[in-house]
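What follows is one structure encoded as structure tokens, with my remarks underneath.
These numbers come from a predicted model, not from an experiment.
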Amino acid sequence: MLIDYTILDRITEIENTWITMSDGCRIAARIWLPKTADTEPVPAILEYIPYRKRDFMRSRDEPIHRYFAAHGYASIRVDIRGSGDSEGILHDEYSHQEHDDALEVITWIAKQPWCSGAIGMMGISWGGFNALQIAARNPSNLKAIMTLCSTDDRYADDAHYMGGCLLNENMQWGSMLTLYSALPPDPEIVGDQWWDMWQQRLNNLEPFPVVWMRHQSRDNYWKHGSVCENYDAIRCPVYAIGGWADGYTNAIPRLMTHLSCPKKSLIGPWAHVFPQDGVPGPAIGFLQEAVRWWNHWLKGEETGIMDEPAFRVWMQESQTPQPQYAVWPGRWVAEETWPSPRINEQRWFLEPGHLSPLPEKPTELSFCSPQTTGVRSGEWCGFGADGEMPRDQRPDDGGSLVFDSDPLTERLEVLGAPVVELDLCVNQPVAMIAVRLGEVAPDGSVLRVTYGLLNLTHRESHETPQPLEPGKWYQVRVQLNDFAHAFPPGSRIRLSLSTSYWPIAWPPPVPVTLTVRTGMSHVTLPVRPPRQEDEALRPFGPPEAAPGTPHKKLRQLSMRRTIEIDLASNEMVYTLRSDGGEFDGASHARIEEIDLDVGYTLFKRYRILEKDALSAQTELTQTAHLKRRDWSIWLECRTRLTATTETFQFAGELEAYHGDQLIKRHDWALAIPRSLL
């Protein structure tokens, strides 16, 4: 990455400033300005998230915001109410209060003497979510947004549920947010009131996994903040960006399909990271691309960015399955619009063990997957860490119903979302199906290309699920995740069906035998013909950034992922130990610029018996540490999820220490009724 150290000479940094809301709550902001902004007002770019601008996210924030400031923008990083150094309580993600505060923050920015009045909003993940959500509120000064790794549908396409199935990510992410919400503000910023603010946070703490598990279908809770409820509410220009290894890619084609405002999109091979840090590579000069976008919409300059194709993606080439990829080979391709009229549908019919271009005589095929099927699935959402990508699928395919095409005689490029339509019946009122599309190499290895899940009680609606009638035949449609992939000649296309997908998704309460009727069951692939114009696409520059704050590693913690099988009980245990990823493998680090030691560790473990769905168990242990001289904060959070046939059983403990003194302990033991899950 090219780092321009002269940027520091061209900008002014304000470590903290207070933005007072109409109810008196003070919101903390960090600001980077061009040195000329006092006399020459500039547009502003807002990032609005709860991830602690002062410490844990400092090294990530600074290279981005300093870069924008050096290129003629006021760049503002705000801690959401109840997070970091901001006052108040963080009750939930994407709340009405969060949105209302954002409107006041935007109004405040527009009134500052260094601001021209034109404001953009950007962010990745949470910041990408609320950029869309706040754009739907139409503040007059918000002129454009960039949303990365986000979603338009909080129920159907977020970390909580997928196809109506409960994701284990709900437990992991919710436990992490619970710990983050229990951290205190920095006394160097808020002064002596830090103690009262911390006590307020601790006393109002609620375990977020439980909050979200109380809403198991697509009710009004999830509709709030889901911009898919009314795409037309967004009127400012939108640049939607993501990566194929991320968990949020599907929203980008939907936004391109339904938004009526000016729009543009980019999908690389990346995980849940900014594209200048893109893993798998190639990384790109994303910050230069962002400046082109902002210059066009906030300064009115002709940068040519809107003259380029609206839908640009990385067409991935075939790979041998690996736990991680430094670079995923491929090339940039583009469509002028999306959906593209150039995409052709290619249908393959399911026959016993075979994918056929023509239907044959119907045959009934029954199967019941081991509960351990899915162990080679990788993480639901990649963050660029070792071991998180899907491995060779043959072990999972051994517990699945599998259909292979004949070897391809020519290259086949696919772009979009495959759709699988199945005639099926089951022997239980609650069941799920996992559908995987893979590439079988000549050596027999299987690369998972894309997949989809469906809770079969949600077959008609996520809003009003209905139990299945055992033995009754249903026609079911499963849409898989969007992807771009080139199948080489000699490879085979594989469709794999399973009745479990652990540890990605929580299993139904009873093992399910599912019967598929071949003949009319089929998969439809979106085939993309070659486009000569792809060769003339404007290349991205190399990654650039401003310098960030250096940190000193105090304690290294190597990431470790393991899978163990108890050969006596057939229990599978998946374990991860990690530092959290913010400080290059350091579980403890010192930010010398602010004389602060910070630390975070994560341990998670998934357990399940091969034939017992009720043996499923998720456990997480997290620690977080803040220390400056005699100010020392230590938090430990332990959470566990199990289930009976009727309820989910959540247990958790959180301990908060100041020095050696236990300040607060939470003990949670909560039962959440299962509703067709």
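Across G541 and Q288, no two heavy atoms sit closer than the pair C-NE2, 4.2 Å. V273 and V279 make their closest contact through CG2-N, 3.9 Å (heavy atoms, listed as atom of the first residue, atom of the second, distance). The two residues L620 and M171 come nearest to each other via the heavy atoms CD1-CG, 3.6 Å. Heavy atoms only, all atoms of each residue included: G519 and P359 are closest at O-CB, 3.2 Å. Of all heavy-atom pairs between A271 and E388, the closest is CB-OE2, 4.1 Å. Scanning all heavy atoms of the two residues, the minimum distance from P280 to Q324 falls at CG-OE1, 4.1 Å.
At least one cation-pi condition fails for R331 and W314: the charged atom is not both under 6.0 angstrom from the six-membered ring centre and inside a 45 degree cone around its axis. Cation-pi contact between R312 and F540: present, with separation from the ring centre below 6.0 Å and deviation from the ring axis of at most 45°. Taking the ring axis of F129 as reference, the NZ or CZ atom of R154 does not stay both within 45° of it and closer than 6.0 Å to the ring centre.
Ring pair W173/W126 is perpendicular by interplanar angle, where above 60° counts as perpendicular and below 30° as parallel. The aromatic rings of F483 and H485 lie tilted to each other, with the angle between the two planes from 30° to 60°.
R538 contributes no side-chain N or O that, together with a main-chain N or O of G304, makes up a donor-acceptor pair within less than 3.5 Å. In terms of modelled atom types and a separation under 3.5 Å, the side chain of S491 and the main chain of F487 share no donor-acceptor contact. Looking at S500, its side chain never comes within 3.5 Å of a backbone N or O of P507 through a donor-acceptor pair. At distances below 3.5 Å, not a single donor-acceptor pair connects side-chain atoms of Y451 with backbone N or O atoms of R448. Listed for the K264 side chain is a donor-acceptor partner under 3.5 Å among the backbone atoms of I305. For W270 (side chain) and P282 (main-chain N/O), a donor-acceptor pair under 3.5 Å exists by modelled atom type. Within the 3.5 Å criterion, the main-chain N or O of D423 finds a donor-acceptor partner in the side chain of S521. Judged by distance alone, the side chain of T518 and the main-chain N or O of E351 form no donor-acceptor pair under 3.5 Å. Here the side chain of N427 pairs a donor or acceptor atom with the backbone of T513 at under 3.5 angstrom. Formation of a donor-acceptor pair under 3.5 Å by the S369 side chain with backbone atoms of T499 is found in this model.
With rounding to the nearest 0.5 angstrom, the OG atom of S445 is 11.0 Å from the CD atom of Q319. Between atom CG of residue D443 and atom OG1 of residue T320 there is a gap of 6.5 Å, rounded to the nearest 0.5 Å. For the atom pair Q371 CD and N570 CG, the distance stands at 12.0 Å (nearest 0.5 Å).
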**Request:** Determine, step by step, whether S366 and T515 satisfy the side chain to side chain donor-acceptor pair (under 3.5 Å) criterion, reporting the C-alpha distance in whole Å, the side-chain angles of both residues, the deciding distance to 0.1 Å, and the verdict.
**Result:** CA-CA 4 Å; S366 299; T515 302; 2.6 Å; yes
**Request:** Would you please test Y574 and R561 for side chain to side chain donor-acceptor pair (under 3.5 Å) and show each step?
**Result:** CA-CA 7 Å; Y574 173 105; R561 298 177 193 267; 3.0 Å; yes
**Item:** Test log, rule side chain to side chain donor-acceptor pair (under 3.5 Å), inputs N455 and T457
**Value:** CA-CA 5 Å; N455 177 343; T457 70; 2.8 Å; yes
**Request:** With salt bridge (Lys or Arg N to Asp or Glu O under 4.0 Å) as the test, would you mind laying out the steps for E335 and R528 before giving the verdict?
**Result:** CA-CA 10 Å; E335 298 293 330; R528 181 186 187 269; 2.6 Å; yes
**Verdict with reasoning, E317 to R411, per salt bridge (Lys or Arg N to Asp or Glu O under 4.0 Å)** = CA-CA 10 Å; E317 297 290 334; R411 179 183 174 90; 2.6 Å; yes
**Message:** What verdict does the side chain to side chain contact (heavy atoms under 4.5 Å, CB included) test give for I241 and T147, after you've listed the backbone C-alpha separation in whole Å, the side-chain angles of each residue and the deciding distance to 0.1 Å?
**Reply:** CA-CA 6 Å; I241 299 166; T147 176; over 6 Å; no
**Asked** So E336 and F311, side chain to side chain contact (heavy atoms under 4.5 Å, CB included) or not? Walk me through it.
**Response** CA-CA 6 Å; E336 295 296 334; F311 190 72; over 6 Å; no
**Item:** Intermediate values then yes/no, side chain to side chain contact (heavy atoms under 4.5 Å, CB included), L456 and V426
**Value:** CA-CA 9 Å; L456 293 173; V426 296; 4.1 Å; yes
**Request:** Report the C-alpha distance between K604 and E619 in whole Å, list the side-chain angles of each, state the deciding distance to 0.1 Å, and finish with yes or no for side chain to side chain contact (heavy atoms under 4.5 Å, CB included).
**Result:** CA-CA 6 Å; K604 71 176 178 181; E619 301 171 82; over 6 Å; no
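Salt bridge status for R531 with E413: absent, with no side-chain N to carboxylate O gap under 4.0 Å. Taking 4.0 Å as the cut-off between side-chain N and carboxylate O, R436 and D397 count as a salt-bridged pair. Taking 4.0 Å as the cut-off between side-chain N and carboxylate O, R254 and D157 count as a salt-bridged pair. For R607 and E571, the salt-bridge test passes: some basic side-chain N is under 4.0 Å from an acidic carboxylate O.
Side-chain contact between W332 and M315: absent, with no pair of heavy atoms (C-beta onward) separated by less than 4.5 Å. Looking only at side-chain heavy atoms (C-beta outward), V516 and E364 stay at 4.5 Å or farther from each other. When side chains are defined from C-beta on, D482 does not count as touching L415, because their heavy atoms never get closer than 4.5 Å. Residues R494 and F403 have side chains not in contact (no heavy-atom distance under 4.5 Å, counting atoms from C-beta outward). Counting heavy atoms from C-beta on, the side chains of I252 and S265 come closer than 4.5 Å. Side-chain atoms of S125 and H272, non-hydrogen and from C-beta on, do get closer than 4.5 Å to each other. Contact check for L401 versus S498: no side-chain heavy atoms found under the 4.5 Å cut-off. In this structure the side chain of V313 reaches within 4.5 angstrom of the side chain of W244, judged on heavy atoms.
In summary, the side chains of Y231 and D152 do present a donor paired with an acceptor at a separation below 3.5 Å, with no hydrogens or angles considered. Counting only N and O atoms by type, the side chains of S318 and E439 include a donor and acceptor under 3.5 Å apart. Using modelled atom types and a 3.5 Å distance limit, the side chains of H160 and E169 yield no donor-acceptor pair.
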Please table the atom pairs, donor to acceptor, closer than 3.5 Å between any side-chain atom in residues 611-618 and protein atoms at least two apart or in another chain.
{"residue": "D612", "atom": "OD1", "partner": "L614", "partner atom": "N", "Å": "3.0"}
{"residue": "S615", "atom": "OG", "partner": "L609", "partner atom": "N", "Å": "2.7"}
{"residue": "S615", "atom": "OG", "partner": "D612", "partner atom": "O", "Å": "2.6"}
{"residue": "T618", "atom": "OG1", "partner": "N168", "partner atom": "OD1", "Å": "2.7"}

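A 6.0 Å sphere centred on CD of E308 holds more than 12 heavy atoms belonging to other residues, nucleotides or ligands. E345 CD: 12 or fewer foreign heavy atoms inside a 6.0 Å radius. No more than 12 heavy atoms of other residues, nucleotides or ligands sit less than 6.0 Å from atom CZ of R560. Under a cut-off of 6.0 angstrom, the local environment of CE in M520 is sparse, with at most 12 non-hydrogen atoms contributed by other residues, nucleotides or ligands.
Ring centers of H462 and Y161: at least 6.0 Å apart, outside the cut-off. Residues W506 and Y606 place their aromatic rings such that the two centres sit no closer than 6.0 Å.
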